[in-house]
Amino acid sequence: MQGTVATFDASTRSGVLLLDDGTELAFPARAFDASGLRLLRLGQRLRVDRDGTGEVVRVTLPTMA
């Protein structure tokens, strides 16, 4: 699944993605920390990894494995 960064707070390292169907999906700091990224920009495309319960566990660039 992919989405676009709608908000990102560098101080809390959390934010909200806008999915392609218009749904907003919040991601916690631990999902950002798992990405290995240092910063996100508004409008940036990200790939979303979820666990079995649907919780966001990692956000990464679409080109990263």
Side-chain angles (χ1 to χ4, degrees):
M1 171 186 327
Q2 292 188 8
T4 303
V5 177
T7 67
F8 178 68
D9 184 341
S11 64
T12 64
R13 299 178 329 279
S14 62
V16 175
L17 299 176
L18 184 60
L19 303 181
D20 293 339
D21 66 0
T23 305
E24 290 186 351
L25 178 65
F27 63 90
R30 65 182 169 277
F32 175 72
D33 293 342
S35 73
L37 300 172
R38 295 189 294 163
L39 186 64
L40 295 176
R41 296 182 324 267
L42 299 182
Q44 187 172 18
R45 289 290 289 177
L46 294 178
R47 186 179 73 208
V48 180
D49 295 331
R50 292 179 164 190
D51 65 11
T53 65
E55 184 176 345
V56 178
V57 294
R58 186 171 76 151
V59 293
T60 59
L61 298 177
T63 57
M64 295 176 69

Determine the minimum heavy-atom distance between [X] and [Y], stating which atoms define it.
| X | Y | result |
| --- | --- | --- |
| V5 | L46 | CG2-CD1, 3.6 Å |
| V56 | A26 | CG2-O, 3.8 Å |
| S14 | A29 | CB-N, 3.9 Å |
| Q2 | R45 | OE1-NH2, 3.0 Å |

To the nearest 0.5 angstrom, please state how far the [atom1] atom of [X] sits from the [atom2] atom of [Y].
| X | Y | atom1 | atom2 | result |
| --- | --- | --- | --- | --- |
| L18 | E24 | CG | CD | 6.5 Å |
| L61 | Q44 | CG | CD | 5.5 Å |
| M1 | L19 | CE | CG | 6.0 Å |
| D20 | T4 | CG | OG1 | 6.5 Å |

Practice item. May I ask whether L17 and L39 are part of the same hydrophobic cluster, defined by side-chain heavy atoms of I, L, V, M, F, W, Y residues being less than 4.5 angstrom apart, directly or through others? Key: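 Cluster IDs for L17 and L39 match.
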
Check your understanding: Where do R58 and R47 land on the side-chain contact (heavy atoms from CB on, under 4.5 Å) test, with the steps shown first?
Key -> CA-CA 8 Å; R58 186 171 76 151; R47 186 179 73 208; 3.3 Å; yes

Exercise for review: May I ask you to test the R50-L25 pair for a side-chain heavy-atom distance under 4.5 Å?
Suggested key: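 The answer is yes; the side chains approach within 4.5 Å.
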
Review point. Pick one: which of L40, V48, V57 meets side chain to side chain contact (heavy atoms under 4.5 Å, CB included) with F27?
Key: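 The passing option is L40.
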
Review point. Do any pairs count as a ring-ring contact (aromatic ring centres under 6.0 Å, His included) and have a residue in residues 32-56, sequence neighbours left out, and if so which ones?
Key: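 Of all non-adjacent pairs touching residues 32-56, those that pass ring-ring contact (aromatic ring centres under 6.0 Å, His included) are F8-F32.
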
